[in-house]
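Below you'll find the structure, written out as structure tokens, and then a few comments.
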Amino acid sequence: MAYTKEQLLARLQELNVDFSCYDHPVVLTVEEQAKYVGHLGGALSKNLLLKDKKHRLYIVSALSATKVDMKILSQRLGLGKGGLRMAPEESLLEVLHVPLGCVTPFALINESASAVSLLLDQGFKSKQSCYFHPLTNDVTIALSSNNLDKFLMSIGRQPAYVDLEASPVVGKDSPPDLADLVPSGVPNSSEPIKNVTPTNVPRQNDVPKEKTSLPEVKAKPKVQNKGAEKTQSKIPSNGTNVEKFVNDVFDIMCPLFLSEVSKKLNIKQEELSSILDGFKEQATPDLESVTTSLKNAAYTAGFEAGSETMLNSGLKGRPSRNPRGGHIHENGPHLTIVCSLFRPSPPPPPFPRRAWLLPPAAAADDGTW
Amino acid sequence: MAEADAAVVRNEETEEEEQVVNPWEVSAGKGGIDYDKLVDQFGCQRLDDALVARVARLTSRPPHRFLRRGLFFAHRDLNEILDLYEKGERFYLYTGRGPSSEALHLGHLIPFMFTKYLQDAFKVPLVIQLTDDEKFLWKNLTVEESKRLARENAKDIIACGFDVERTFIFSDFNYVGGAFYENMVKVARCVTYNKVVGIFGFTPEDHIGKVSFPPVQAVPSFPSSFPHLFSGNDQLRCLIPCAIDQDPYFRMTRDVAPRIGYQKPSLIESRFFPALQGENTKMSASDPNSAIYVTDSAKEIKTKVNKYAFSGGRDSVELHRKLGANLDVDVPVKYLNFFLEDDNELEHIKKEYKEGRMLTGEVKQRLITVLSELVARHQRARAKVTEEMVDAFMAVRPLPNMFG
């Protein structure tokens, strides 16, 4: 159910958002738009709809003068180099419900765009009035960034302003500063996560080097983002996720391959990376299939081991768990056989040892827990 | 009640039409199955583009090609499930197989391929029912043979790539009892003999095993049938992907559910996968040349497609170049519709073939490549399935990560 320009403008009026409205012939580019409104003193915006390899969408809305480097942006979002492309035309129509040349933050009023992340140029804040298209490109509306924020918050979005020209170093010790703006795939709000296994590291979206020691990416003070796009670490056990594993494998192999081949054969990495994308698409089904077979085999082995343990030694066959810190299952007396053979890192010791392993009698007498 | 009775009335009215669709018989009139009529007759809803887009948005991934191409085309209350999912409420999937033979063909794989996609996309658990008792009742099999076939089929199902942490496979002979049986009897008490006759077409000569079977296929729709999985979660919703001929079972189930205090299951239904020789029936496991089997070698696939796949091309090259192919009856293009992932390539092939520039041989060649890859991948995965793995999938075990 796509919103019309009229409905959007009516909504802005309801919200007491101060804006001016200019009609002009249909324009498809910023230059054309400038011909009609450029003289009026406000700041023109350029708006890009980008997508990453997991088909998540981003609107990058910037002052027309701001230089947006997609490679740097991609790294800052934690998508690796070259992780961002222009989104195909269909996405404009199907997700944003706007025509070509009309990407605009206002498209987020549509329900279909709820998973699209929005990055706003912090340069907007210093301008008295900024120009955007409402949902059609025969109109330009001018409003201050505060009023834009008002609108965004009314549709449940926390505005995220970013210094789009900054190029901070992204690496092991400095995590991608915009990773919070990557849309999370899980629907938000109350997840009754009953069976949280605290031994697993909370997952982050696409941090390329998974061996970082940091558990969470801290958002920079200016950049907040609550709402549909927040990557909450609510999925505790991704160690057994086949799709993620396959992506991790590609993340290891492709950059290496790209850099080696481009050096040896003196081809530009950009030319190779589209071939590599095609190759990844082709290889993914087979890779996922063999990974699933491995996972099944590992789970089965664990299941067999668990069954044998129970049959032969009962509950005594398993090391006791600290009632305070270890697994607490709401299912109570049910014996849970959790096969945690896939752990992120480090590799598991042969038996899970706990420093506080005490024989049952001692714990009861002692009472000093 | 409402839905089942209406279907009875419609069944009687359309008796003069030639199309017959029920769980044990599918035959089309001239011109193939009329799906619009079927949807009207059954009273389910069409799955439109908006719904497909909604699924894509909710799951943050492109919709499966079966959805993009309208192969899963009908549903019941899918919208409700999506509404709830959006609010953070989960559901579980239920699908099944009647293990009547060891030979699975590609048509059997379709619902499983789609179910795997649903499991991965929505991150929800799945129960898979193997109705070995049904096959014993309907076919001339011993109990041992039915059980054996169920286990063999389980291996092919596992090879489709389901997530062992979220999947419970069970066979009726092994699992019926306890809470499951209690639900069966609750359902049975709500359905009169006349009603099952109306829905399933039983006759006075049919033995009572047949007549009392339907509840067995109905109750996996209710979470309380699986106390080791969903205990305390009586109102958890269920989504059932299936071919549209299974609709009668679930019409009955949906009628009964509110009367016994349970939620109605939702359905998402597919078209039939055409037999190699043409659109008139669904593939039959008893005619080897009507289908591509998952055990076929690359050579067998090549022969079957070249020799038996019904072509919409013209009799001579000149005529073909002039008139183009008839895509309505051409089986290779229909198969590509199901199995060729790339939308652009598919469109290109359809266009070139329809306008006579591409010949049947080329289309068939492309299909052979696609099918060979698919079958080979399945065979590799199947080879890695051990008896212990089947035991693990079928063990009555908790699934702690099932919503993770």
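If you measure heavy-atom distances from A:Ser289 to chain B, the contacts under 4.5 Å come from the side chain alone. Heavy-atom distances place the side chain of A:Glu304, and not its backbone, under 4.5 Å from chain B. B:Phe162 touches chain A through its backbone: at least one of N, CA, C or O sits under 4.5 Å from a heavy atom, while the side chain does not.
Rounding to the nearest 0.5 Å places CG of B:Asp342 at 7.5 Å from CD of A:Glu281. For the atom pair CZ (B:Phe393) and CZ (A:Phe303), the distance works out to 11.5 Å, reported to the nearest 0.5 Å. Residue B:Ser60 holds its OG atom at 11.0 Å from NZ of A:Lys54, rounded to the nearest 0.5 Å.
Using a 4.0 Å cut-off between charged nitrogen and carboxylate oxygen, A:Glu243 and B:Arg61 count as a salt-bridge pair.
With a 6.0 Å radius and a threshold of 12 heavy atoms from other residues, nucleotides or ligands, B:Gln235 has its CD atom above the threshold. Within a 6.0 Å sphere centred on CG of B:Asp234, other residues, nucleotides and ligands contribute more than 12 heavy atoms. The local environment of CZ in A:Phe245 is sparse, with at most 12 non-hydrogen atoms from other residues, nucleotides or ligands closer than 6.0 Å.
Closest non-hydrogen pair, B:Arg57 versus A:Ser114, comes out as NH1-OG, 3.2 Å. For A:Thr300 against B:Ala392, the heavy-atom pair with the smallest separation is OG1-CB, 3.9 Å.
The interface of residues 377-390 of chain B with chain A, defined by heavy-atom distances below 4.5 Å, comprises B:Arg377, B:Arg380, B:Ala381, B:Lys384, B:Glu388, B:Met389.
The only member of A:Thr240, A:Asn296, A:Asn241 that meets side-chain contact (heavy atoms from CB on, under 4.5 Å) when paired with B:Glu165 is A:Thr240.
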